Structure formats: structure tokens, C-alpha cells
Number of protein chains: 2
Amino acid sequence: MPKAQRMAQMLTVAEEIFAEQGYLATSMDEIAERVGVSKPMLYEYFGSKEGLLIGCIHRARTELREKTAAAIAGAAGPEEFLRLGLRAFFEFIVEHQRSWALLRQEAAIAVPSAQEEVEGIRQQQTDMIGSVLVSFAPQIDPLEAEAFAEIVVGACERLAVWCERRPSVGPALATDYVMAVIWPGVADRFKKLPGPVQPAWR
Amino acid sequence: MPKAQRMAQMLTVAEEIFAEQGYLATSMDEIAERVGVSKPMLYEYFGSKEGLLIGCIHRARTELREKTAAAIAGAAGPEEFLRLGLRAFFEFIVEHQRSWALLRQEAAIAVPSAQEEVEGIRQQQTDMIGSVLVSFAPQIDPLEAEAFAEIVVGACERLAVWCERRPSVGPALATDYVMAVIWPGVADRFKKLPGPVQPAWR
DNA sequence: CTCGTAACTTACTTCGAGTAACCTACTGCG
DNA sequence: CGCAGTAGGTTACTCGAAGTAAGTTACGAG
């Protein structure tokens, strides 16, 4: 099997088993067996168990970025821009429900360098939100804009975990809840600052 | 040394080393040596490495609950109640800066059952916030109240991590930021619902 | 002084991450 | 055809850390 294909297969299998059993409880032998290959091949491709985990996270991150970029293209104003971006995030999470827990929880704990990747995902989200704030209200205090973005990302991340236990709450309702809580506060800031320009993210 | 005292000492040392090096990178031998005791003693007291971690988290959880309860005693209205509760949380985090990363990140990833304890901490916070909402606005949709509470907890958790990289943002300013974003949205819900009663949490 | 128990240690076993060294099958070229 | 080189792969190890079995010391009560 060619390398690129084998690599993708390994990532898919690893993500699956990690999500099922957790990172620590999964052995490299186990992954190798399920892939139908021997352990040293995993080391050939990813260097270490940690490297394999980082590969999984990195792939998810790329996918999230692409989906978000597609979702927010053509949004009219800050509220719609934010709403579409948040909704893309919730949809991504519902799709990757099992592996998302791995990405944000297991990865961060077990493997310091995987944490960088997870932070990268969050960074993407805060960038997206920060860009809404800064481009629609250029006079906003940068520190405040950053803090607001972190607050919104944290809110979504936590609510997404909660949604897993509440099947009745899908991406649409989750987005509504978050917007209901944060938008009045954010809009309030906008009112006190010079007016809107177009947002530019990616 | 008597058991209770030894146990506390083990927890203190373990929390310290876990925070320094991470859970995975720390060996039980290493902790045992720093405590000045042999490895089987740790197993005697905590059963497993996982048990030791859970012990650390559990102790932190208890402390947070006590501090929060003390802080919110005597708050006048929902806004002050929420503000004091959030502030106690940020102060707790600043105090336990290094070990907080362990609790919420490493623990969740590496050890599924430690995750329960971490969720317990979050549950305390959502209970606190949920009690504000429900008791000041008894007619609120319970699902919505729960979602709002999760959103606020997520926002704080994430902002707390951000504060670690931003020494200029202390507990007071962090609380202000969160309140600025969420309070207008929450107050907006209150306005549409029957009026305030006293909150009761713990 | 000796019995009992609380607190502790030494000396293992086991399991899994990571590695060294060797193997196979295909592709291009004289 | 036959052979070299390499992509893709395997077997058989080492080593370190979690967890354990069995034995040892300290010390207060009778």
C-alpha cells in the first residue's frame, strides 16, 4: 500500500481506538494489529505514540478550519458571521463526537506537545471570533477583544460537551443558546465604538 | 508518621510533581522518593497512580467549594451573587496556577475516572450558577438554565487559561470581562420572566 | 518482656513503548 | 533475462515504569 494511503488509514484507526478506550489504555500493538501491520511501521510513520496522537489532532484541526471557512463565507454582518462560525463548530463536534473528547481532553493531559495542537484548534476559533470583533469594531481594546474571543470559545467548547449528554440539543439550538448569552454583551460593546467594516478571516 | 498527615503530604508532593512534569512523565518511584517513603506506600494509600491523581483533584475540588461558598455568602442580588462566585473561581485558579493545568487537562486525558472528578468541579460551578438563574427566575426553562450555566463555566475556564499567559489580567479584570459578555444576555432573560427570589446554594 | 498491629521496605513480575537488524517484492535498466 | 536499489515490511529484542507478594521495624497496651 502507498504511504499516503497507509498513513491516512493509520490515523483513522488510531482515532477510532483512542476514542473508544482512551489514549493511555490503548497500546501501539493494538493499533498495529487493527491496521493489519506491525508495530515498527507505526513508528516508521509517526515516530512515537505521541506523534500518532498529534497526527490525529492535526488532521481534525485542518478539517475544522476548512469547514468553518466555508460556512462563514458570505456572511452579511457581525451577528451572522459569528452565528455561522459557531454553528460550523458545533456541527463539526457532533460529527466527531467520540474523537472530540479525545482531542480536547486526553490529548491535553497525557501529551504536552499534543496540547500545542489542541491549542492550535482553539487559536483558530479565537482568531475567527477576534476577527469579527476587530473588523466590525476596529477601535476595540485588543486585550478586551482577545478576552471576549476566549470567552466565546470556552463557552462553545463546554456547551459542546454538555450537548453530548443531551441529544435533544443539536447544533442549531446550541448556537442559539450561546448567541443568546453572549450577543447582547458583545453588541453592547459595538454600540460604544466606531461602526462596522467587513470581516476578513482566512 | 500518622496516616492522615502522611496522606496529605503525599497529595501535596504529587500535585507539585504532576504540575511540574505532567502526569505521564512522572513515575511513582519519583513521587515516593520525594515524599521520603517507598513506592508500595503510595499504593497502600491510594491504590494506583490514577487513585493518587484523583486524590489531588478531589482535594482541590473541596477547597474550591469552600472558598466559593464563603465568597457568595451575603450577596444581595443575582448580579452580585454571580460576580462574587466567578471571582472566587478566578482567585482559586491564580492561587493554584500550576496544578490547575494538571487538573483540567492532564487528568481528563490520561485517566477516564479522573475525568469524573474534574467534571465534579465543573458541576459545582454549574450548580452555583444554575441556582442563581433558577432562584432569581423560577420560570426559566430548566434546559436553558442548564445551558446558560455550562456556557458561563466554559467561558471562565477558558479565560482562566488565557490569564496565565497574561499576567496583567488578574481575577478582578477577568471577572469584569466575563460579566461584560454574559450579563446583558442573562439579564435580558430575567426581564422576560417573573421576578427575583433569594438564591440558595449550599 | 512480649504480643499485636500500624507503618513501612525489599525484591520481585508484568506489560508496553521504543529499537536494531533483518526480510521481501517490485521497478527500472544493462 | 537477471540483477541492483529501494519502498514497505517483519521478528525479536531492550528498558523503564506500574503494580505486588512477602517480609520487617517501631511502638503502645497488657
Side-chain angles (χ1 to χ4, degrees), chain A residues 1-58 102 106-115 117, chain B residues 1-58 102 106-115 117:
Chain A
M1 192 181 290
K3 273 208 166 181
Q5 201 178 330
R6 182 65 90 193
M7 198 159 177
Q9 184 201 13
M10 285 172 172
L11 287 174
T12 302
V13 170
E15 196 175 322
E16 207 176 289
I17 308 192
F18 282 154
E20 269 170 31
Q21 316 183 341
Y23 175 76
L24 282 186
T26 302
S27 76
M28 290 296 267
D29 285 298
E30 206 175 340
I31 298 170
E33 195 189 348
R34 197 126 126 202
V35 172
V37 100
S38 68
K39 184 167 61 167
M41 284 314 295
L42 293 175
Y43 284 90
E44 174 74 22
Y45 280 74
F46 295 99
S48 65
K49 191 180 181 184
E50 191 172 323
L52 181 56
L53 176 65
I54 290 176
C56 294
I57 301 171
H58 194 83
L102 159 76
E106 297 242 9
I109 283 187
V111 184
S113 56
Q115 202 167 324
E117 275 296 324
Chain B
M1 191 181 291
K3 274 207 164 183
Q5 199 178 331
R6 180 66 89 192
M7 197 159 178
Q9 182 202 12
M10 284 172 173
L11 287 174
T12 301
V13 169
E15 196 175 323
E16 208 176 288
I17 308 193
F18 283 153
E20 271 169 30
Q21 315 183 343
Y23 175 75
L24 283 185
T26 303
S27 76
M28 291 295 267
D29 285 299
E30 205 175 342
I31 298 170
E33 195 188 349
R34 196 125 126 203
V35 173
V37 98
S38 69
K39 184 168 62 169
M41 285 314 296
L42 293 174
Y43 284 89
E44 174 73 25
Y45 280 74
F46 295 97
S48 64
K49 190 181 180 185
E50 192 171 322
L52 181 55
L53 177 65
I54 291 175
C56 292
I57 301 172
H58 194 84
L102 159 75
E106 296 244 11
I109 280 186
V111 186
S113 57
Q115 202 167 324
E117 275 295 326

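Just so it is clear, the model here is predicted, and its values are computed rather than measured. Every chain is numbered from 1, with letters handed out A, B, ... down the list of sequences.
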Q: Between B/P2 and B/P40, name the one whose nearest nucleotide on DNA chain C is closer to the 5' end.
A: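 The 5'-side residue here is B/P2.
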Q. Looking only at heavy atoms, which two atoms of A/Y43 and A/M28 are closest? And how far apart?
A.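 What the structure gives for the nearest pair is OH-CG, 3.5 Å.
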Classify the nucleic acid contact of [X] as base, sugar-phosphate or nothing, counting any heavy atom under 4.0 Å across all strands shown.
X	result
B/S38	base
A/F46	nothing
A/M28	sugar-phosphate

About how many Å separate [atom2] of [Y] and [atom1] of [X], when rounded to the nearest 0.5 Å?
X	Y	atom1	atom2	value
A/R6	A/L11	CZ	CG	12.5 Å
B/M10	B/L52	CE	CG	8.5 Å
B/I17	B/R34	CD1	CZ	4.0 Å

Whole angstroms only, please: what is the [atom1]-[atom2] distance between [X] and [N]?
X	N	atom1	atom2	value
B/Q21	D/dA17	CD	C1'	14 Å
B/L24	C/dG16	CG	P	15 Å
B/E44	D/dG19	CD	C1'	13 Å
A/E50	C/dA17	CD	P	13 Å
A/M7	D/dA7	CE	C1'	15 Å
B/Q5	C/dA6	CD	P	18 Å
B/L53	D/dA17	CG	P	18 Å
B/L42	C/dT9	CG	P	10 Å

Q.
Does B/K39 contact D/dA18 through a side-chain donor or acceptor facing the base, at a distance under 3.5 Å?
A.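 Answer yes: a donor N or O sits under 3.5 Å from an acceptor.
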Q. When the nearest nucleotide of DNA chain D is assigned to B/G47 and to A/M41 on a heavy-atom basis, which residue is associated with the more 5' position?
A.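 Counting from the 5' end, the first nearest nucleotide belongs to A/M41.
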Q: Ignoring the backbone of B/S27, work out which of C/dG18, D/dA18, C/dC8 is nearest its side chain.
A: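 Of the candidates, D/dA18 comes closest.
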Q) Does the side chain of A/R6 get closer than 4.0 angstrom to OP1 or OP2 of D/dA7 through an N or O atom? A)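 Negative; the distance criterion is not met.
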Q) Does A/Y45 make a side-chain N or O approach to OP1 or OP2 of D/dG9 shorter than 4.0 Å? A)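 For D/dG9, OP1 or OP2 has a side-chain N or O of A/Y45 closer than 4.0 Å.
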**Q.** Side chains of A/L24 and B/Y23 in contact at under 4.5 Å (non-hydrogen atoms)
**A.**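 When only atoms from C-beta onward are counted, B/Y23 and A/L24 do touch, with a gap below 4.5 Å.
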